[in-house]
Protein chains: 2
Amino acid sequence: MQDNDTAGAEDGTSRPDGRAANPLILKLESLAPLSADDRAVLERISAKPHLVPAGTDLIGEGDKPDGVYLVLDGIACRYKLRASGARQIMAYLVPGDYCDLDVAMLKAMDHSIGTLSACHVVRISLDVIQALLRDHPGITHALRLATLVDEATLREWLVNVGRRSAEERIAHLMCELLLRLRAVGRTAGDGYALPITQEDLADTTGLTSVHVNRTLGSLKQRGLIALSGRQLRILDLAGLETLAEFKPNYLHLGGRDAA
Amino acid sequence: MQDNDTAGAEDGTSRPDGRAANPLILKLESLAPLSADDRAVLERISAKPHLVPAGTDLIGEGDKPDGVYLVLDGIACRYKLRASGARQIMAYLVPGDYCDLDVAMLKAMDHSIGTLSACHVVRISLDVIQALLRDHPGITHALRLATLVDEATLREWLVNVGRRSAEERIAHLMCELLLRLRAVGRTAGDGYALPITQEDLADTTGLTSVHVNRTLGSLKQRGLIALSGRQLRILDLAGLETLAEFKPNYLHLGGRDAA
DNA sequence: CGCGTGGTTGAGGCACTTCAAGGGCGGTGG
DNA sequence: CCACCGCCCTTGAAGTGCCTCAACCACGCG
């Protein structure tokens, strides 16, 4: 369902009325059905996003979590820093993603969450979250499913850095992002915006930015991708998936898109 | 279980009546208080464990989850295999650990769960789990907390393979296991049984078994650990923690053990 | 127009892998 | 009770994927 809504250019990022489709709703509906009422509630929650510049922390390690952040546009991440300054990125938050529902149960964050690109973000208070979980079983079910997928994605990332080569790691990440972004209508064919630096990619994949650069070069040379101006085009999706040994089952997409 | 049951020796692995203390109860109580009733319910659930030999799958990738497995003794793990046969272990299940509560929401497992050593395991049916979550809010709270800690541990493992050297990875893992096993009374001072092979360690840390062997050698030579016969003694805990840059905040231990 | 951030490229080094062979030890069967 | 077998640990030597250090370049922005 990439080119939905046709109307505007691109796909799904805009609707006839000119407003961007709500990525949270799109994401949850890719996992479980929602009622019209559910959708209305979610629509209301994600009104009035803040614009946060790139490189901004939403929550820092050690802070007491004060709410749940929902990303509507841009890319944010979970990360940890070592004393040396080395950074490991542990998850991407793309449009429709949010940080943990149950996080309020903890006294202090054990990692930080920050933006990689400029982002549209909504902060949802704990009261609202609790009301949501109490009064809307359909939404609750979908949110819990999404949490399971987040965990599965984290496991796949561990496989990525633990047991794949540099080329395979980056190829796998690109395949994953294609499906995740497609589910929220942020792709154009087999391409999408990837508004992050090569250093961010390095800290994601456990490599150095120099080696990421060379690896991207070799993926381009193989004719698998084109990447410039932070815009990625996958030229040979089948080839990229084969290289990465990509199996999308861990994303638990409803089946429409799933392989 | 190394040598408990020896009537009171060691620490907390045995009780006056000769039965091993229930690791699930110990674990949950390290996260949140439980009522006497809660404890009785959990005690009943974990009666009659099965003995499973080492190297046995409890659930395989692709299977539909049919219940929750609780480990009472031994070490099991979550893992994935690549087509090449390469294995990445993504989590250890030590006594008191269980596999996901909400897993029933998914149609198929996206990874496998198997034993590394011989294990005492209890299978808890989905009905029982659902009844537990419905009728025992105290237990539910503790279980949800434990799930958050599992996730945090997974993130820390990603940092481990992504941004630490071989020595640091193994040192970090040993520090983590000390706290996790201590919380369930399976340690003896700064030592514990580690009934897994060096190849298991390699697949955990993203290394080869050859390099794990050499790295263990260098940790021994530095006087940090002693390891033989699958029994680990940490000789210099402070040194090991410093080397690994170990910060136990992610385990969210109540505060008694936490740094 | 200058400056800063990020991308690109080269040369050299090292941490970890690969391949290969031997040794210890517990389990099992004759 | 001993001999054998298989699993695991151990060690050596050679190779390589990725890192480090160090430039230089491209571009957007003030």
Side-chain angles (χ1 to χ4, degrees), chain A residues 53-56 75 82 84-89 114-118 160-173 193-222 225-232 243, chain B residues 2 53-56 75 82 84-88 115-118 160-173 193-222 225-232 243-244:
Chain A
T56 311
I75 299 188
R82 294 199 54 182
S84 64
R87 176 177 65 157
Q88 178 67 45
I89 292 176
T115 55
L116 293 176
S117 71
N160 220 23
V161 298
R163 285 286 180 250
R164 277 194 262 257
S165 71
E167 274 197 342
E168 292 168 343
R169 289 180 209 183
I170 292 178
H172 195 280
L173 181 63
L194 190 60
I196 66 178
T197 67
Q198 292 184 1
E199 183 144 9
D200 296 333
L201 270 177
D203 291 344
T204 303
T205 50
L207 301 167
T208 60
S209 63
V210 171
H211 199 62
V212 164
N213 182 282
R214 293 194 228 269
T215 306
L216 287 173
S218 93
L219 291 175
K220 289 174 194 170
Q221 207 179 351
R222 284 158 166 267
I225 62 165
L227 177 61
S228 76
R230 311 226 156 148
Q231 199 68 28
L232 175 74
L243 171 64
Chain B
Q2 61 266 40
T56 310
I75 299 187
R82 293 198 54 183
S84 64
R87 178 178 61 158
Q88 178 66 46
T115 56
L116 294 176
S117 72
N160 220 24
V161 298
R163 284 290 180 245
R164 277 193 262 259
S165 70
E167 274 197 340
E168 292 168 344
R169 289 181 209 184
I170 292 178
H172 195 281
L173 180 63
L194 190 60
I196 65 178
T197 68
Q198 294 184 359
E199 182 144 10
D200 296 333
L201 270 177
D203 291 344
T204 303
T205 50
L207 302 166
T208 60
S209 63
V210 172
H211 199 61
V212 164
N213 182 280
R214 293 194 229 268
T215 305
L216 287 173
S218 90
L219 291 175
K220 289 175 193 167
Q221 205 178 350
R222 284 159 166 266
I225 64 164
L227 178 61
S228 77
R230 311 225 156 151
Q231 198 67 28
L232 174 74
L243 171 64

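Chain letters run A, B, ... following the sequence lines, proteins first, then strands; residues in each count from 1.
For B:Glu199, the CD atom counts as loosely surrounded, since its 6.0 Å shell holds 12 or fewer non-hydrogen atoms of other residues, nucleotides or ligands.
The two residues A:Gln88 and A:Asp203 have their closest heavy-atom pair at NE2-O, 3.2 Å.
Checked by atom type and distance alone, the side chain of A:Ser117 pairs as donor or acceptor with a backbone atom of A:Ile75 at under 3.5 Å. Using modelled atom types, one side-chain atom of B:Thr115 and one backbone atom of B:Gly55 make a donor-acceptor pair closer than 3.5 Å.
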Exercise. Quick one, give me the B/S/- string for nucleotides 13-21 of chain C, reading 5' to 3', where B means a protein heavy atom under 4.0 Å from the base and S means that only happens at the primed atoms, P, OP1 or OP2.
Key: ---BBBB--

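At whole-Å resolution of the value, CG in B:Asn213 and C1' in D:dT11 are 8 Å apart. Across the protein-nucleic acid pair, A:Leu227 atom CG and C:dG6 atom C1' stand 13 Å apart, rounded to whole Å. In this entry the distance linking CG of B:Leu194 with C1' of D:dC9 reads 15 Å, nearest Å. Following rounding to the nearest Å, A:Glu199 (CD) and D:dT20 (C1') show an atom-to-atom distance of 14 Å. Atom CG in A:Leu201 sits about 15 Å away from atom C1' in C:dT8, given to the nearest Å. In this structure, B:Arg230 atom CZ and D:dC8 atom C1' are separated by 7 Å, rounded to whole Å. Residue B:Leu219 contributes atom CG, which lies 13 Å from atom P of D:dT10 at whole-angstrom precision. When rounded to the nearest whole Å, the span between CG of B:Asp203 and P of D:dC8 equals 12 Å.
Regarding contacts with the backbone of D:dC7, every side-chain N or O of B:Gln198 stays at 4.0 angstrom or more from both OP1 and OP2.
With A:Thr205 as the partner, the side chain to side chain contact (heavy atoms under 4.5 Å, CB included) test is satisfied by one option alone out of A:Ile89, A:Thr215, A:Ile170: A:Ile170.
A:Arg82 pairs by the side-chain contact (heavy atoms from CB on, under 4.5 Å) definition with A:Ser84, A:Ala86, B:Arg163, B:Arg164, B:Glu168, B:Glu245, not counting sequence neighbours.
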